[in-house]
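Encoded as C-alpha cells, the structure appears first; notes follow it.
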Amino acid sequence: MQNCRCFDSIRSMESMKRSVTCGELRAADLEKEVILNGWVHRNRDHGGIQFINLRDRYGLTQVVIDQDAPELLRNAGAGLKPEYCIAVRGRVRARPDGMKNAEMLTGDIEVAASQIRVLSTSEVPPFVIDERSDAKDDLRLRYRYLDLRSFSMQRKIKLRHEVMLSVREYLSGEGFYEIETPSMIRSTPEGARDFLVPSRLHPRKFYALPQSPQLFKQLLMVSGFDRYFQLAHCFRDEDARGDRQPEHTQIDMEMSFVGRDDVFKVIEGLFSFVFGRCLNVQLETPFARISYHDAMNRYGSDKPDLRFGLELQDFAEFVPKAEFAVFQKVLESGGAVRVLKAESCGSYSRKQISDLEETAKIYGAGGLAWMKVTDEGLEGGISRFYEGVAAEIIAAYQAKPGDLLLFVGADWQTACTALGAVRSRLGNELSLIDSSLFRFAWIVDFPLFEWNEDEHGWDAAHHMFSMPQEQYLETMESNPGEVKGDLYDLVCNGFELASGSIRIHDPELQKRVFKIVGFSEEEAQRRFGFLLEAFRYGPPPHGGIAPGLDRLVMIMAGESSIREVIAFPKNAVAVSPMDGSPAEVDEQQLRDLGLRISSESAPAGGHGEGTDVSNSDA
RNA sequence: GGGGGCGUGGCGAAGUUGGUUAUCGCGCCGGCCUGUCAAGCCGGAGAUCGCGGGUUCAAUCCCCGUCGCUCCCGCCA
C-alpha cells in the first residue's frame with residue numbers, strides 16, 4: 001500500500017489529514033504522533049537512512065525513514081520525487097546532538113515516518129522550486145503556479161495580503177467605507193486608452209474597463225458617503241513597460257470637507273500603521289514636503305530618491321564669467337545650466353564619464369560636460385574655459401580635490417531631468433543608497449496645465465477635475481502655465497507611490513478649466529454629463545488620493561518589479577504566458593457581438609490566426 | 001512609436017578572430033553509500049545552438065529578415 005508507484009496508493013486522504021503543518025514542530029513537541037501533508041522538497045537517500053524535507057506554506061520539516069524501517073516503507077520513501085504531494089504519519093523525535101539545523105525553524109526535531117501515502121505524483125518540474133531558482137521570468141510566469149510554491153513568492157503574497165488587511169482595518173477604523181464601483185463603465189476621456197468591452201445585448205455599444213474609479217468616487221461624495229476607499233482594479237491599455245501592468249490595484253480613496261493637509265494626515269496615519277503592522281518599521285511623520293519645482297531643481301525628478309544627497313545645483317552665475325559659448329547660448333535662450341558634484345569621482349576614466357553622458361543623453365541632454373577637481377584647481381573637460389574662475393567655482397560648490405563636476409545645459413526641464421538621471425546612476429554606482437530605508441515625501445504645487453507642443457494647446461497635467469490653487473484663480477485664463485494646482489504625489493525611494501488632488505466642486509470653475517484645455521461644453525456633457533449633472537445638486541468640497549498597492553508592496557518587499565508581488569501578472573508585453581491571454585476568440589462569440597476582425601488589424605508577419613477569423617466571417 | 005540587449009540539452013550559463021566528438025554547473029536516469037539538510041561518490045541519457053534566407057569549401061559563430069523575451073525613451077493624470 002505504500003508503494004507510491006501503485007495507482008491505488010493515490011487515494012482519499014481522509015485518514016491522513018494533517019495534524020500539524022510543516023512549520024510548527026519544535027523541541028516541545030517530542031514524542032507526539034503527528035501527520036504532515038505537503039510537498040517533497042528534497043529527498044536525500046543515504047542507502048540505509050533517508051531524509052525527506054517536506055514543505056508546505058508554513059515551512060519545512062525533516063522526515064526520516066530509518067534503516068530498520070519496514071522494507072515497504074523504505075521502498076515508498078525511495079520512490080518519492082520532488083513535488084510529489086504526500087502525507088506522512090510519524091513520531092516527533094529530537095535530532096541527535098550535532099545534527100540540529102539552526103537554519104530551520106523545525107531544525108531541532110525530525111519526524112520518524114511510520115506511514116507514507118502519496119496523494120499525488122509530479123512530473124519533473126521545469127525548474128527547481130527553491131529560494132535561489134535561477135529560472136528566467138518568462139518561464140516562471142509560464143508555470144506561475146509552481147513559482148508561487150517557493151517560499152520567496154509565498155512571503156511576498158503573504159505580505160500583500162497583510163498590507164491589504166491592515167489598509168482595510170485602518171481605514172475602516174478612521175470611518176471610511178469600502179464601496180465597490182463598477183468594472184464596466186462608460187468610456188470617459190481620461191489620460192490613458194480604455195480597454196473596451198463590447199456589449200452583446202446592445203450591438204455597436206461598448207463598456208469600458210475603468211482606468212480608475214475617479215468619477216464614481218466623486219459621485220459617492222455627492223451621495224454623502226464622506227469617506228470612501230476601495231482596493232480597486234484599474235485598467236489601462238497603454239504601451240507596456242517593465243514597471244507597468246495592464247491591470248493594477250489602487251488603494252482608491254476620497255474624502256469630503258477636506259483640504260490637502262487632511263488628506264496628508266490620513267495617508268501618513270495609514271502608511272505608519274501599515275509599515276508598523278506589516279514590517280515593524282516606524283515611519284517618521286509628517287512626511288517631508290517638496291514642491292514640484294524644488295524636486296526637479298534639486299533631484300532632477302518629480303519622484304526623487306531621498307535616500308542619498310548628491311543634489312543638483314545651479315551653475316548660471318559662472319556662465320557669463322567664461323567664454324564657453326555652449327552654456328552661454330543655453331542661458332540666452334532661457335535655459336538652465338545645472339551642476340552635480342560627484343564626490344571622489346575624479347578618478348573616473350573617459351569611458352566612465354562617457355557612460356554617464358550616455359545616461360544624460362537618453363533624457364535629452366546634448367552632452368555631459370565635466371571638470372575634475374585637483375590640488376592645482378580644475379582639470380580636463382571644459383575646465384580650460386573656466387581657468388579664471390576656478391577658485392571661485394571650487395569654493396562655491398565646496399569641491400575637494402578628487403571630486404568630479406558634471407554639467408548639463410539645456411532647457412530647465414531637460415537639464416534637470418538628464419542630470420537627475422546621472423544622479424540616480426551615481427547613487428547606485430557609488431552605493432550611496434541604504435536599501436533598508438524608506439524615505440517618504442509629498443511632492444506638492446504641481447502645475448495644473450501643461451503645454452502640448454503637438455496639439456498647440458493646454459492639457460490638464462493631472463486630470464481636469466483638479467482644483468487650481470486659490471491665488472491663481474484670477475489669472476488662470478491669462479497665464480495658464482503659471483497655475484499651480486491642489487495636486488500632490490507621495491513618493492518613496494524614487495517611486496511615485498500615490499497621486500491625488502483636491503477636486504473642483506464648483507460647476508462654474510469646472511467650465512473655466514474645460515475651456516482652457518479646449519474641452520467643449522458639448523463634449524463634456526456627452527462624455528460625463530452624469531458627473532456634471534450630479535454637481536448641480538449640492539456637491540461637497542472633496543478630494544482624494546490613490547496609492548498604488550502593487551508598488552507599495554513591491555517597495556515593502558524590497559523588490560524592483562511589481563510582477564514580483566502580483567500572483568498572476570502579465571509579462572513585459574502584457575501577455576500572460578500561462579493562460580495565453582490575450583487570445584483569439586471563437587467565431588461564434590464574435591458573431592454574437594456583431595464584430596468582425598479586419599484583416600488590416602491582423603498581426604504583422606501574419607501567422608494566419610488573425611486573418612482566419614476575418615475570412616471565415618467574410 | 002523609437003532605441004539597446006538576449007535566444008546554445010529540462011534550467012542557468014560558457015564558447016567559437018568561421019574548421020568537423022559544442023563545454024560547465026544544476027536537474028534527470030542507474031548504481032554505491034547509516035545522519036544528511038544545496039548530502040557525497042561513480043556511471044549514463046539528453047542539443048537539428050529560436051526560425052528562415054544569404055555569404056563561404058565549411059556557419060552555433062559573419063550578413064539580412066523574422067519570431068520570442070527583456071531593458072530603456074516616448075506614452076501612461
Side-chain angles (χ1 to χ4, degrees), chain A residues 41-55 60-69 74 81-83 95-104 106-107 110 123-143 146 188-194 211-212 214 234-246 248 302 358-359 361-364 417-418 421 425 446-450 454 459-466 485 487-489 496 498-501 517 545-546 548 560-561 563 571-575 577 603-607:
Chain A
H41 189 63
R42 284 209 168 65
N43 186 356
R44 296 179 296 281
D45 184 348
H46 286 242
I49 188 169
Q50 289 175 58
F51 300 100
I52 296 148
N53 280 358
L54 197 62
R55 183 190 69 230
L60 284 173
T61 297
Q62 173 163 290
V63 174
V64 185
I65 300 173
D66 287 314
Q67 162 82 353
D68 53 6
R74 284 190 285 118
K81 306 293 181 187
E83 303 315 319
R95 296 195 189 185
D97 284 343
M99 302 302 165
K100 302 191 191 316
N101 187 342
E103 308 272 294
M104 290 172 78
T106 61
E110 61 194 12
E123 294 180 18
V124 176
F127 49 84
V128 180
I129 294 159
D130 200 305
E131 292 297 88
R132 64 186 159 289
S133 165
D134 44 11
K136 288 185 198 165
D137 276 8
D138 199 29
L139 196 73
R140 292 175 58 203
L141 291 183
R142 168 75 180 80
Y143 298 96
L146 294 180
T188 55
E190 291 173 90
R193 277 181 279 257
D194 284 327
Q211 296 175 29
S212 75
Q214 184 62 35
C234 304
F235 306 87
R236 292 172 191 177
D237 190 10
E238 277 302 328
D239 290 352
R241 285 287 294 270
D243 61 343
R244 202 179 287 164
Q245 290 277 309
H248 72 284
D302 60 0
E358 286 311 305
T359 297
K361 281 180 171 176
I362 290 171
Y363 291 83
T417 305
R425 181 174 170 152
F446 281 89
L448 194 62
F449 304 106
E450 280 171 352
D454 299 333
D459 284 344
H462 185 64
H463 58 54
M464 44 191 145
F465 309 113
S466 294
L487 308 170
Y488 33 82
D489 281 358
E496 179 191 313
S499 192
S501 67
V517 299
I545 190 165
S560 53
S561 166
R563 272 177 247 165
N571 69 9
V573 286
V575 165
H607 284 211

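Here is how names work: the chains are called A, B, and so on, in the same order as the sequence lines, proteins then strands, and each is numbered from 1.
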Would you please confirm or rule out a distance under 4.0 Å between OP1 or OP2 of rC71(B) and any side-chain N or O of Arg563(A)?
yes
Under 4.0 Å between a side-chain N/O of Lys136(A) and OP1 or OP2 of rG7(B), yes or no?
no
Determine yes or no for a side-chain-to-main-chain donor-acceptor pair under 3.5 angstrom, with Glu238(A) supplying the side chain and Arg193(A) the backbone.
yes
Expressed as a whole number of Å, how far does the [atom1] atom of [N] sit from that of [M]?
N	M	atom1	answer
rC61(B)	rU16(B)	P	13 Å
rG12(B)	rU48(B)	P	15 Å
rG3(B)	rU23(B)	P	39 Å
rG68(B)	rC51(B)	C1'	10 Å
rC6(B)	rC62(B)	P	10 Å
rC64(B)	rA59(B)	C1'	14 Å
rA13(B)	rG7(B)	C1'	13 Å
rG50(B)	rU60(B)	C1'	12 Å

Could a donor-acceptor pair under 3.5 angstrom be found where the side chain of [X] meets the base of [N]?
X	N	result
Arg236(A)	rC76(B)	no
Ser212(A)	rA77(B)	yes
Asp239(A)	rG74(B)	yes

Selected nucleotide, minimal atom distance to [X] side chain, candidates [options]:
X	options	result
Gln211(A)	rG74(B), rA77(B), rU70(B)	rA77(B)
Lys81(A)	rG12(B), rG30(B), rC71(B)	rG30(B)
Asn571(A)	rG10(B), rG12(B), rC69(B)	rC69(B)

Residue matched to rA59(B) through Watson-Crick or wobble contacts both under 3.5 angstrom:
none
Answer for the Watson-Crick or wobble partner of rG52(B), both distances under 3.5 Å, is rC64(B)
Partner residues of Pro447(A) under the side-chain contact (heavy atoms from CB on, under 4.5 Å) criterion, sequence neighbours left out:
Tyr292(A)
Between atom [atom1] in [X] and atom [atom2] in [N], what is the gap in whole Å?
X	N	atom1	atom2	result
His463(A)	rA77(B)	NE2	C1'	7 Å
His462(A)	rA77(B)	NE2	C1'	5 Å
Asp302(A)	rA77(B)	CG	P	14 Å
Glu358(A)	rG5(B)	CD	C1'	15 Å
Tyr363(A)	rC72(B)	OH	P	8 Å
Gln214(A)	rA77(B)	CD	P	11 Å
Ile129(A)	rG27(B)	CD1	P	14 Å
Asp137(A)	rG7(B)	CG	P	17 Å

With the side chain counted from C-beta on, respond yes when Arg42(A) and Arg55(A) share a heavy-atom pair under 4.5 Å apart, and no when they do not.
no
Applying ring-ring contact (aromatic ring centres under 6.0 Å, His included), name anything that partners Phe449(A), two or more places apart in sequence or on another chain.
none
Checking Phe51(A) now: which residues fulfil ring-ring contact (aromatic ring centres under 6.0 Å, His included) with it, not counting sequence neighbours?
His46(A)
How would you label the contact of [X] with the nucleic acid (heavy atoms, under 4.0 Å): base, sugar-phosphate, or nothing?
X	result
Leu139(A)	sugar-phosphate
Ala460(A)	nothing
Pro82(A)	sugar-phosphate

Quiz: residues 60-68 of chain A side-chain donor-acceptor pairs under 3.5 angstrom, not counting sequence neighbours:
from	atom 1	to	atom 2	distance (Å)
Thr61(A)	OG1	Cys22(A)	O	2.6
Gln62(A)	OE1	Arg44(A)	NH2	3.2
Gln62(A)	NE2	Glu110(A)	OE1	3.1
Asp66(A)	OD1	Arg93(A)	NH2	2.9
Asp66(A)	OD2	Arg93(A)	NH1	2.8
Asp66(A)	OD2	Arg93(A)	NH2	3.4

Taking atom [atom1] of [X] and atom [atom2] of [Y], what is their separation to the nearest 0.5 Å?
X	Y	atom1	atom2	answer
Asp302(A)	Thr417(A)	CG	OG1	8.0 Å
Asp194(A)	Gln211(A)	CG	CD	4.5 Å
Gln245(A)	Arg236(A)	CD	CZ	13.0 Å

Report the residue (Ile362(A) or Ala461(A)) whose heavy-atom-nearest nucleotide on RNA chain B is the more 5′ of the two.
Ile362(A)
Select from Asp134(A) and Val124(A) the residue whose nearest nucleotide in RNA chain B is closer to the 5' end of that strand.
Asp134(A)
Across all chains, not counting sequence neighbours, the salt bridge (Lys or Arg N to Asp or Glu O under 4.0 Å) partners of Arg74(A) are none
The contact string for nucleotides 34-41 of chain B, one letter per nucleotide 5' to 3', using protein heavy atoms under 4.0 Å with B, S and - for base, sugar-phosphate only and none, comes out as BBBBBB--
